[in-house]
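Below: one structure, written as structure tokens.
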Amino acid sequence: MSALSLQDIHASYAGKSVLDGVSLSEIAPGQILALTGPNAAGKSTVLKAIAGFLPVRGKIMLGTEDITGLKPFQRAGKISYMPQALPRGVGLNVFESVLSALRIASKYGTAVSGLSLERQAAALIEKLELGEIALSHIDTLSGGQKQMAALAQALVGNPSVLLLDEPTSALDLRHQDEFMRVIRSVASSGTIVVVILHELALAARMSDRIAVLSKGRIDAEGPPAEVLSREVLARVWGIDAEVTFNERGSLMIDVLGPSRDMLRKEIR
Amino acid sequence: MNGHLAQPARMLGENGERIVASHRRLSVRRTVLLICLLTAAVVLLFADIITGPSGLSATDVLTGLIDPASLDRIEAVILYDVRLPAALMALLVGAALATAGVEMQTVLDNPLASPFTLGVSSAAALGAAVAIVTGASIPFLGAGWFVSANAFVFSIGSVALLQILTRLRDGGSEHLILFGIALVFSFNAAISLLQFYASAQSVQQVVFWMMGNLQRADWTNVAVLAVVTAVVLPMSWMASSQLTALHLGEERAMSFGVDVKRLRLMSLIRVSLLTATAVAFVGTIGFIGLVGPHIARMIIGEDHRFLIPASALSGGILLLAASIAAKLLVPDANLPVGIVAALVGVPVFVALILRQGTRR
Ligand SMILES: Nc1ncnc2c1ncn2[C@@H]1O[C@H](COP(=O)(O)OP(=O)(O)OP(=O)(O)O)[C@@H](O)[C@H]1O
Ligand SMILES: [Mg+2]
């Protein structure tokens, strides 16, 4: 089984440096890494770098293979990316969208053989329990349902790595929880998941590891209980918050206000 | 490599079977719809052939088509040298422009795109205008051919220019559209400049050329367009899965394994071949390339395996309808079909926008 790792990744947009030496130690198959950090920290850019959408300096390894120089379409089947913004005006139903992804995957030999494409698509829909909405047009779905449809497309071709950019931002509490449970079951079959989450409690509960990105660098990385501390929240997000884990081990964040540094800056 | 997702159960559950079954029903329905469109196209083709100022009846035409000997000389000329090539040209041009339109809309991710968005038709018009105004001609070819050939060369040249310009920047669809618009304006300015200095007679010819007219059709250019269409349409169709994937989003498509840059380039080459050939022979016929795909989309949905043939047929049907309307509305006037197509196209298009306003 091959692990994913990032070594000293630098990236920039139009000369402006956005990622300034991002390294992530090996993420093993079956693991969920939650990537978090303030807006504009560069989280989406990290995922795009892994997906191959922008040129980077550094090294992205999947197992023993250096995939840094591969074009995005050459990473198909290895790496699957679910963007932050979902498309509008799609005009396809959920099943058709999955099927059209499968058609591409089958051409590049990343799909499972032995079953008709239609049956493979239906099996995936069943697995994700999307039977109810399978024949609805994507445009007519709610935000959360669209997210599930997008996930179904992303799982086509059995990627080794699943990249999810803020998949839970549009979801209510129950659907956040459900979505992350689905992700957990996907991971448990051996997929590496890197997911951007703003909800720290959800990230703490649902991930094996958390990486905190701040201004294009990894500020802290490790098990949720170690990473999420009062200091990190003050340093990275600029808020003063009491961080506790309750008796069930759930993360509780009680935001008191801006951090002292922030206050000092504002006064100045 | 993966566990449970990699090996979907050989047996589908009840839900899965239901979904597969209803998807197959949908595919059958779409196939039937395609057959209906094809039938409509054939019927309109025949209707177009029997419509015209000289009184050839439907039975005359039918027997004439089966047995040319049954017609007298004039009737044979009208049927075989005027009506038949013009009708086939309408079908082919409509199909070519609407196919080019649907590819353009998907590749530029813009429902308002058409084959003319990036300046292909303006370039053709400029090429034609240059040929008409300078009065030059290629040796061995007639003057009429020189106009078409020049129109073709200019449109292909404009696409090449567009490619070079977008290569300089990072080739996204927005840049493509912006550069295309810039080209449209430059070509139109150049045409105006030519007209400003040209003789009144050539100005009139240029204007008439730009209106789009099927009466220019003869068997040679029907054959050329037929060959181009017969080669390019299947290639468009073979890209249909990739185009459908692209429709789900550019990053999505790349993540599925589509080489989007290549797809876009190949698609633009197909679009420019279809458009340049069609426009070179019959002039500018607007709206078919915009409205045809939208009608097809409303009938058959977004799956490009069905959408592309449906667009081709809708385009052919629209232009045949416009051609018939032109002949019926003003008999004897030889009204340019380009004008009628736009007149028919505008209300259809407005109605579509009003209906779809809530969707996008
Ligand atoms: N296409 C682009 N062109 C120029 N700059 C960009 C582009 N995309 C992102 N940036 C810049 O890169 C930085 C990081 O952006 P990124 O989208 O990775 O942030 P993020 O951490 O995902 O933020 P958010 O939580 O708001 O989604 C920002 O300063 C942003 O302005
Ligand atoms: Mg982001």
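Each chain gets a letter, A, B and so on, in the order the sequences are listed, and its residues count up from 1. As the structure is a prediction and not an experimental result, all values here were calculated from the model.
Proximity to chain B (any heavy atom under 4.5 Å) is shown, for A:Leu163, by neither the backbone nor the side chain. Residue contact with chain A, scored on non-hydrogen atoms closer than 4.5 Å, is absent for B:Glu250. Heavy atoms closer than 4.5 Å to chain B are found nowhere in A:Ala51, neither backbone nor side chain. At a 4.5 Å heavy-atom cutoff, A:Gln74 makes no contact with chain B through either its backbone or its side chain. Looking at A:Ala150, the atoms closer than 4.5 Å to chain B (heavy atoms on both sides) sit in the backbone and in the side chain alike.
Applying the side-chain contact (heavy atoms from CB on, under 4.5 Å) rule to A:Met61 yields the partners A:Ser5, A:Gln7, A:Lys59, A:Asp66; only residues at least two apart in sequence or on another chain are considered. Taking the side-chain contact (heavy atoms from CB on, under 4.5 Å) definition, one finds that B:Ala245 meets it with A:Ile104, B:Ala253, B:Phe256, B:Val258, sequence neighbours left out.
Interface check for chain A: of the options B:Arg18, B:Arg305, B:Gln242, the most heavy-atom pairs under 4.5 Å are formed by B:Arg305. Between chain A and the residues B:Asp259, B:Leu26, B:Ile19, the most heavy-atom pairs under 4.5 angstrom are made by B:Asp259.
B:Ser22 is listed as a side-chain neighbour of A:Leu135, based on a closest heavy-atom distance under 4.5 Å. Between B:Ser255 and A:Ile79, every side-chain heavy-atom pair lies at or beyond the 4.5 Å cut-off. Between A:Glu96 and B:Glu302, every side-chain heavy-atom pair lies at or beyond the 4.5 Å cut-off.
Panel note: side chain B:His23, backbone A:Glu118; no donor-acceptor pair is recorded below 3.5 Å. For B:Arg252 (side chain) and A:Tyr81 (main-chain N/O), a donor-acceptor pair under 3.5 Å exists by modelled atom type.
Of all the heavy atoms in B:Gly16 and A:Ala122, the pair that sits closest is O-CB, 3.8 Å. Between A:Ser100 and B:Thr244, the shortest heavy-atom distance links the atoms CB-CG2, 3.8 Å.
Rounding to the nearest 0.5 Å places NE2 of B:His304 at 13.0 Å from CZ of A:Arg103. Separation of atoms CG (A:Leu99) and CG (B:Asp303) is listed at 7.5 Å; rounding is to 0.5 Å.
By the 4.0 Å N-to-carboxylate-O rule, B:Glu251 lies too far from A:Arg75 to be salt-bridged with it.
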